[in-house]
Amino acid sequence: MPLAATLVEKIRIQIDGRDVEVPKMMPDWQGKLQPTTMLQACQQAGVEIPHYCYHPKLPIAGNCRMCLVEFGTPMMGPDRKPILNEDGTPKIAKSVLPYEPGTPRGAIGCATAISPGMEIYPNSPATKQMREAVLESLLINHPLDCPICDQAGECKLQEYSMQHGQATSRFVEAKVHKPKQVDLGPRIMLDDERCILCSRCVRFTRDIAGDDALGFVNRGSYNTLAAFPGREFDNNYTLNTVDICPVGALTSKDFRFQMRVWFLRETKSLCTSCGTGCNVVVSSREEKVYRLEPRENDAVNSSWMCDAGRLNYKWIGREDRLTRLGGSRLKACTWTGGAREVAEGLRTARPGTVAIIASARQTNEELYWLKKIATRLGAESDSIPRVGEGDRLLVSADKNPNSNGARLTGICGPLLGMKLAGIADGIRSGSIRTLIVFGEDVTRHGISAEMLQRLDLLVVSDILPNQTTRLAHYLLPGCAPAEKMGSFVNVNGRLQKFLKALEPREDARPEIEFLMELLGLLGAPQPARSVEGSFNQMAKEIPALAGLTWSSLGDTGATVQI
Amino acid sequence: MFLHALQEHFGFISKDAVEWTASKLGLQPINVHELVTFYPMFRQEPLGRHQIKVCRTLSCALAGAHQVRTFFCKRVGLDPHKHGPQTTSDGHYTVEFVECLASCGTAPVVMVNETFHEQVTVEKAEQILAGCRAT
Ligand code: SF4
Ligand code: SF4
Ligand code: FES
Ligand code: FES
């Protein structure tokens, strides 16, 4: 929260008969301070007002009416002083219909500002009646096809019907039918009968994604969400509309009919497809990922993520994943034996003849231990830059998720890849005899297969096969980020952690485990035994991380000086 | 204004016309499309030669406007259950419901192009169609 927000004036109001103090102003969807609304005030007081069209990160539309609440304001005398009851409490004028003073009149919580002394009645019979009526009207033409709806289980229409709706329908007429299975764009399928016309998707794509592609056509009962005929709804952020659609109208073609949501296990993680490091939730079941969704972090990705990053998870389940300990020289068939053989080979290498190339896709903790190995062996080390296209919203041109982590741990210099040419020369001239590669195919970065074959020892860890892994003397199968935990530092210096969603496959292990083992076999003292421990130890050694602990990173991380 | 002029000139507002209008106004076509689909007086398709408008506001509805429209639809081969204006494939007829034509006292009321027909019964509707065929 910006400093200004913590300093603002508070006002006293009453919610459900309870006195509360809430800020007079609160941030709107763009973070600008605006008068606090009844809905926000109730949220502050821990009272949830049901809502569909309101979304904290979108401009207010006030069209669904779900957030209607009964309220009252202090009565004022002609002297602008509050009129008091006999017991000294202020007299409250409840909001009523102007032409029918006996009938309570609600106001929409999402767009009505609070005022001093206001009373909000989120649980009064009148409020309940308003909610029932709104829900009844929303359900009149709804197809009620929950059994085959992807949203079922996380649908606000279901949830609010349960909490605030009626058990029976009074509607006996024929329902209006609207288009179903509308192919909105390459990644989105729309069911117009399920749409409650909240316009969240319209506002998202217009005001956040900057692609004014959606709108409402026709009118009255036939009001229909649509894209312009013949135009695809296709920008790199379309799938966010599926997340914010409160019902099952917008569905992801990728996730559609794949899995009932209540079977999914959710793990807090990060997108690794670029240097932004959008916070995500990985949904998995039985060691298979079904979808990624953005997780709110205002220091990084707000509530959004790009489509490309979101859909870049299928490779985790690829058939050709490296899952076996291997390499042309491996004699042992267990990790313990394999690690001993590798350590043996490294111990006999003369200082100055070893080089390490470690990907900036590895975690901080892994890079930290790799750097220790480099120091121990007197080895040169570097990472490989990965540059692509960025955009103005989230996508970074740096396609490594952890370039800054590689810099901070010292595995590379300020510019990634500066030493690569030197390492290649060393191999060519024979001064470098041993190469350790983590997570890169070096044959695509200036070190040819033919050069690799000249080495005395080539130790490789990776997750997918490539030219380098095929030539390895020792091949150590590692883990996809979803299969381990660790931390990354994004392009803006946000240090964030991610947790393990899946079990590693077969022989594969989180790299950090065998790195620590190897270091032990090389005779180094190594107090840490876990990822958390590694992080805490690293934080004590690297000045930029001073004072941080694994647990202090929380769900949204901390910003460090790069 | 733009759209009215376009409709006057072409008889309807095509997809191209929407895109052209949007580009002239610096808008996305969906914004103009929203507007065109909102107002029933904007036509998205060319109309039939005989445009049969059946009033369905209260007086006419009570006096049998629905039966009259159903009759017209069936006689010219259109689906009475469909919503909105419909035009026969030969381009002869368009049948649609409209709101009050301001002759509630003589309900139900039908307008064919610019001609007014009052107290339209099924028999009268038959005569109206016969009249259309004759022109
Ligand atoms: S598709 Fe979903 S988000 Fe869009 S208007 Fe309809 S209900 Fe709202
Ligand atoms: S912007 Fe980058 S980090 Fe965010 S979702 Fe896209 S690829 Fe992933
Ligand atoms: S949340 Fe929709 S009107 Fe307030
Ligand atoms: S109701 Fe039909 S003309 Fe007025």
Side-chain angles (χ1 to χ4, degrees), chain A residues 53 59 61 63 140-141 143 173-180 182-185 188 190 192-193 195 197-238 241 245 249-250, chain B residues 2-3 6-7 10 12-46 53-58 61-62 65-66 69-70 73 78-87 94-100:
Chain A
C53 68
N63 58 28
I140 279 185
N141 287 312
E173 292 80 1
K175 291 191 186 237
V176 167
H177 289 291
K178 292 193 197 175
K180 288 183 95 74
V182 182
D183 195 336
L184 261 197
I188 308 281
L190 163 70
D192 265 311
E193 291 192 337
C195 171
L197 306 165
C198 73
S199 83
R200 277 183 172 191
C201 55
V202 178
R203 285 172 280 149
F204 172 82
T205 191
R206 184 188 61 209
D207 299 313
I208 307 285
D211 173 21
D212 195 355
L214 301 177
F216 292 120
V217 300
N218 307 328
R219 59 170 176 172
S221 328
Y222 290 88
N223 212 339
T224 304
L225 175 78
F228 187 66
R231 291 226 178 163
E232 299 250 278
F233 178 42
D234 181 13
N235 60 60
N236 195 18
Y237 293 93
T238 58
T241 61
C245 178
L250 293 168
Chain B
F2 252 41
L3 292 168
L6 284 168
Q7 173 150 313
F10 294 106
F12 73 109
I13 298 170
S14 66
K15 224 183 103 194
D16 288 344
V18 169
E19 290 190 283
W20 182 82
T21 309
S23 73
K24 287 286 166 201
L25 299 176
L27 295 171
Q28 288 304 312
I30 183 70
N31 306 129
V32 179
H33 187 56
E34 285 179 303
L35 187 132
V36 170
T37 57
F38 184 87
Y39 291 109
M41 71 245 188
F42 286 131
R43 307 295 184 174
Q44 297 168 72
E45 272 157 13
K53 292 175 272 196
V54 184
C55 170
R56 64 142 167 235
T57 308
L58 193 59
L62 289 174
H66 284 263
R69 175 176 169 276
T70 305
C73 285
L78 296 170
D79 179 0
H81 300 296
K82 265 205 185 143
H83 172 79
Q86 295 181 70
T87 303
T94 296
V95 180
E96 67 179 323
F97 266 142
V98 296
E99 301 310 327
C100 185

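Predicted, not measured: the structure shown is a model, and the values here were computed from it. Side chains are part of it too, since the values below use all heavy atoms of this structure and drop only hydrogens, waters and symmetry mates.
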Quiz prompt | Close side-chain approach of B:Pro40 to A:Arg219, heavy-atom, < 4.5 Å | solution = yes
Practice problem: Compare every heavy atom of A:Gly215 with every heavy atom of B:Glu34, then report the nearest pair and how far apart it is. | Solution: OE2-CA, 3.1 Å
Practice problem: May I ask you to name which of B:Thr37, B:Asn31, B:Ile30, B:Leu27 has the most heavy-atom pairs under 4.5 Å with chain A? | Solution: B:Ile30
Self-check item: Atom CD of B:Glu99 with >12 non-hydrogen neighbours under 6.0 angstrom
Solution: yes
Quiz item: Is the closest side-chain heavy-atom distance between B:His83 and A:His177 below 4.5 Å?
Solution: no
Quiz item: What is the ring orientation for B:His33 with A:Phe228, classed by angle as parallel under 30°, tilted 30 to 60°, or perpendicular over 60°?
Solution: perpendicular
Practice problem: Select one option (side chain, backbone, both, neither) describing which atoms of A:Arg206 are under 4.5 Å from chain B's heavy atoms. | Solution: neither
Quiz item: When only pairs under 4.5 Å are counted, which of A:Asp212, A:Val176, A:Asp211 shares the most heavy-atom pairs with chain B?
Solution: A:Asp212
Exercise. Name the member of A:Pro229, A:Ala226, A:Ala213 that forms the most heavy-atom pairs with chain B at distances under 4.5 Å.
Key: A:Pro229
